[in-house]
Amino acid sequence: MESILFSTAKFSTLRYARYGQGDPVLLIHGFPESGTLWDRVGKKLAEQFTVMVPDLPGAGGSLTTSENLSMEDMAEVIAVILQREGLTGAVIAGHSMGGYVALAVAALYPDLIKGLSLVHSTAKADSEEKIQTRLKSIQLIRKGGKEAFVKGMIPNLFSERFRQRSPAIVAEQIDRAMDMEGDSMISFYNAMIKRADHTNSLMELSFPVQWIVGEEDALIPLNVAMEQCFLAEVNFVSLYKDCGHMSMLEAPEALANDLAVFVDYCYNR
Ligand code: MLT
């Protein structure tokens with residue numbers, strides 16, 4: 001695996017990992033995670049594809065600049081990575097917030113996308129209720145409550161069954177989330193609050209869309225995914241039973257297989 005550092009006009013230090021060989025696929029992590037969340041699935045995909053995994057600004061090895069982060073800023077980072085790699089396009093998979101970034105890439109640079117995989121994600125913008133919850137979390141983090149926020153949030157990402165069977169993995173995710181600066185968490189939350197709704201744009205997309213849905217996902221409930229997963233012209237839909245919001249840890253083999261089938265289809269259809 002190669003770890004590549006670069007910068008853009010807006011961000012001085014950005015990092016992505018690249019491994020494997022073949023048609024390109026770029027995996028975008030969610031919140032409050034970093035590219036390492038994709039390690040297991042990325043290794044499997046690297047047997048067939050060139051895999052690129054960025055750390056978004058403020059996560060892992062990438063630094064952020066201010067609280068004014070937007071999905072469009074992060075989409076630009078993805079476009080720069082593809083340009084640096086000399087690629088005219090790639091299949092992009094985004095987990096949750098990573099899916100919001102991928103949808104911004106689709107809106108700004110549609111020609112760069114060969115296929116879009118939304119892994120426990122949604123094209124809808126935040127509801128007013130969700131915005132209020134995020135604002136409360138921002139206040140908590142500002143008052144020094146990062147640990148309370150992380151310990152409240154992370155277990156909720158997993159299905160009840162997984163929490164009981166694999167407490168060490170849940171604890172590890174809590175530790176990793178604690179590595180993120182509180183200011184970065186606030187930047188990501190502000191970017192999520194102000195993100196655009198892309199639901200109607202799904203009907204206009206010229207490439208296939210994949211939906212990975214966890215039936216026990218407390219963040220992106222089944223009905224929210226079901227309302228959208230038939231809107232694009234070509235949709236691949238996978239429903240995972242007993243799975244929450246984190247199939248890359250809860251069901252990594254199934255996720256790697258489904259992604260591989262989708263990526264292969266996007267390049268060979
Ligand atoms: C994520 O998993 O990326 C975030 O929790 C998504 C969100 O809060 O909307």
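Numbering of ligands and ligand atoms starts at 1, following listing order.
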Subject >> Atoms in ligand 1 with a heavy atom of Y100 nearer than 4.0 Å >> reply: 6 (C), 7 (C), 9 (O)
Original post:
Going through the distances and angles, do R18 and E85 end up as a salt bridge (Lys or Arg N to Asp or Glu O under 4.0 Å)?
Top reply: CA-CA 10 Å; R18 184 187 55 217; E85 293 286 328; 2.7 Å; yes
Original post:
Centroid-to-centroid, Y189 to F149, below 6.0 Å?
Top reply: yes
**OP:** Could you name the option among M153, M246, R134 that has the heavy atom nearest to atom 7 (C) of ligand 1?
**Re:** R134
Original post:
Quick one: does M192 get an N or O within less than 3.5 Å of an N or O on ligand 1?
Top reply: no
**OP:** Answer yes if the side chains of Q83 and Y109 hold a donor-acceptor pair under 3.5 Å, and no otherwise.
**Re:** no
Original post:
Among protein heavy atoms, which sits nearest to atom 5 (O) of ligand 1, and what does the distance come to when rounded to 0.1 Å?
Top reply: L219 CD2, 3.2 Å
Original post:
Purely on distance, is any nitrogen or oxygen of G30 under 3.5 Å from one on ligand 1?
Top reply: no
**OP:** Using a strict 4.0 Å cut-off to heavy atoms of M97, name the atoms of ligand 1 that fall inside it.
**Re:** 1 (C), 3 (O)
Subject >> Between S3 and R15: side-chain donor-acceptor atoms closer than 3.5 Å >> reply: yes
Subject >> Atom CD of E215 with >12 non-hydrogen neighbours under 6.0 angstrom >> reply: yes
Original post:
Can an N or O of K130 be found at a distance shorter than 3.5 Å from an N or O of ligand 1?
Top reply: no
**OP:** Classify the angle between the aromatic ring planes of Y16 and F6 as parallel (below 30°), tilted (30 to 60°) or perpendicular (above 60°).
**Re:** perpendicular
Original post:
atom 4 (C) of ligand 1: which protein heavy atom is closest, and how many Å away?
Top reply: S96 OG, 3.5 Å
**OP:** With heavy atoms under 4.0 Å as the rule, classify the contact between H245 and ligand 1 as side chain, backbone, both or neither.
**Re:** side chain
Subject >> Non-hydrogen atom of H29 closer than 4.0 Å to ligand 1 >> reply: no
**OP:** Quick one: do Y19 and K43 satisfy side chain to side chain contact (heavy atoms under 4.5 Å, CB included)? Show the steps, please.
**Re:** CA-CA 8 Å; Y19 42 116; K43 270 186 202 130; 4.2 Å; yes
**OP:** Say whether E33, considering both its backbone and side-chain N or O atoms, lies within less than 3.5 Å of an N or O atom on ligand 1.
**Re:** no
Subject >> D126 and ligand 1 - part of the residue with a heavy-atom distance under 4.0 Å >> reply: neither
Original post:
Are the charged groups of K124 and E227 less than 4.0 angstrom apart, N to O?
Top reply: yes
